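Worth saying up front: this structure is predicted, and the values here are computed from it rather than measured.
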Amino acid sequence: PVLYSYFRSSCSWRVRIALALKGISYDLVPVNLIKDGGQQFSAEFKALNPMQQVPALKIDGITLSQSLAIINYLEETHPNPRLLPQDPKKRAQVRMIADHIVSGIQPLQNLSVLKQMGEKKMEWAQNCITSGFQALEQILQHTAGRYCVGDEVSMADLCLVPQVANAERFKVDMGPYPTINRINKALLELEAFKISHPSRQPDTPVELRA
């Protein structure tokens, strides 16, 4: 497998965690979203992913984009350890939380949107994340065990940790979200989350390395 990734991309980080958890080794091709006006806009990368976004994963003779589509494929082809619970209600909760982050928070504060916001980008990002986290905290109080849904790491957790990192980067006050903080801390102790961390990627700038 070949993963096209950017060290700081939360969508790429989700996929790196899934690959690490499932023990799938891969080659990493960095795509710098800022350098050269954004390497994702090159003709070469557009041919690979017409949406001009990371991540993209070449695997088993196909190329996949969109982090949840990639994670779902990995789940179906490498079922252990599972990232979706067997119980249908818990599985639905995992998907709900993942969608909440992937559709309801992250796209509103990603690079392409922030470019449009000009001087207000920090305030915009903080507002988007805060309103999303207020809802997420409430949901997690009903679903969480050690992790987002019960005591097994799931797809929801793969989405949570990168989003918390985004919140910290945009200086969001995390005080009102004790459940999110507790789960995030527990997940960051797991090896798969450590090795996939933005501070430990081949394309991480020297000053941001762990």
Side-chain angles (χ1 to χ4, degrees), residues 6-18 20-21 53-55 66-72 74-75 81-114 117 120-190 192-194 196-199:
Y6 177 54
F7 81 100
R8 195 176 250 168
S9 154
S10 57
C11 305
S12 299
W13 189 3
R14 295 169 199 149
V15 172
R16 294 196 302 261
I17 299 166
L21 282 168
Q53 297 170 335
V54 289
Q66 298 300 331
S67 61
L68 290 194
I70 295 170
I71 293 165
N72 275 304
L74 297 176
E75 178 73 355
R82 66 169 177 258
L83 297 176
L84 285 168
Q86 286 180 314
D87 175 72
K89 290 177 184 174
K90 284 189 174 179
R91 199 179 315 149
Q93 288 173 328
V94 165
R95 288 183 166 133
M96 172 181 71
I97 293 162
D99 276 345
H100 182 86
I101 295 166
V102 170
S103 304
I105 305 176
Q106 190 274 328
L108 297 171
Q109 48 90 120
N110 73 5
L111 195 60
S112 60
V113 172
L114 293 182
M117 299 312 297
K120 287 193 166 182
K121 66 181 180 183
M122 182 68 96
E123 184 189 348
W124 171 267
Q126 287 173 344
N127 288 341
C128 294
I129 295 168
T130 298
S131 63
F133 273 12
Q134 285 169 353
L136 187 60
E137 176 70 20
Q138 202 175 323
I139 291 165
L140 290 172
Q141 285 170 4
H142 297 286
T143 64
R146 181 163 174 78
Y147 306 121
C148 283
V149 178
D151 298 324
E152 285 185 16
V153 174
S154 71
M155 191 189 295
D157 300 297
L158 275 57
C159 299
L160 181 84
V161 168
Q163 187 55 57
V164 173
N166 281 351
E168 289 167 347
R169 201 165 98 238
F170 291 120
K171 299 180 170 51
V172 171
D173 174 14
M174 292 298 292
Y177 316 117
T179 315
I180 293 175
N181 282 323
R182 176 182 64 73
I183 296 167
N184 184 63
K185 191 177 172 192
L187 288 163
L188 285 173
E189 290 170 6
L190 303 177
F193 287 79
K194 288 180 185 174
S196 58
H197 194 279
S199 64

About how many Å separate [atom2] of [Y] and [atom1] of [X], when rounded to the nearest 0.5 Å?
X    : Y    : atom1 : atom2 : result
S9   : R16  : OG    : CZ    : 7.0 Å
C148 : L158 : SG    : CG    : 9.5 Å
I71  : I17  : CD1   : CD1   : 8.0 Å
L188 : F193 : CG    : CZ    : 8.0 Å

Working for side chain to side chain contact (heavy atoms under 4.5 Å, CB included), residues R8 and W13: CA-CA 8 Å; R8 195 176 250 168; W13 189 3; over 6 Å; no

Do [X] and [Y] come close enough that some side-chain heavy atom pair is under 4.5 Å?
X    : Y    : answer
L83  : L74  : no
T130 : V172 : yes
F170 : K121 : no

For residues 92-103, which side-chain N or O atoms pair as donor and acceptor with protein atoms under 3.5 Å away, sequence neighbours left out?
unit_1	atom_1	unit_2	atom_2	d
H100	NE2	G132	O	3.0

Candidate pair V164 and F133, rule side chain to side chain contact (heavy atoms under 4.5 Å, CB included), full reasoning: CA-CA 9 Å; V164 173; F133 273 12; 4.1 Å; yes

Side-chain (N181) to main-chain (M174) donor-acceptor, under 3.5 angstrom: yes

All side chain to side chain contact (heavy atoms under 4.5 Å, CB included) counterparts of D87, not counting sequence neighbours: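 Side chain to side chain contact (heavy atoms under 4.5 Å, CB included) check on D87 returns K89, K90.
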
Intermediate values then yes/no, side chain to side chain contact (heavy atoms under 4.5 Å, CB included), Y6 and L111: CA-CA 12 Å; Y6 177 54; L111 195 60; 6.0 Å; no

Q106/R14 under side chain to side chain contact (heavy atoms under 4.5 Å, CB included): CA gap, chis, key distance, verdict: CA-CA 12 Å; Q106 190 274 328; R14 295 169 199 149; 3.5 Å; yes

Passing candidate, side-chain contact (heavy atoms from CB on, under 4.5 Å) with F7, options S199, P198, S12: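 The passing option is P198.
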
Candidate list L160, L190, N184, test side-chain contact (heavy atoms from CB on, under 4.5 Å), partner Y147, passing option: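 Only match with Y147 under side-chain contact (heavy atoms from CB on, under 4.5 Å): L190.
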
Exceeds 12 heavy-atom contacts within 6.0 angstrom, atom NZ of K194: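 Yes, the 6.0 Å shell around NZ holds more than 12 heavy atoms from other groups.
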
Pair Q141, E137: side-chain N/O donor-acceptor within cut-off below 3.5 Å: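 Result is yes, a qualifying pair exists.
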
Basic-acidic side-chain contact under 4.0 Å: E152, R146: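 Here E152 does not pair with R146 in a salt bridge, since their nearest N and O are not under 4.0 Å apart.
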
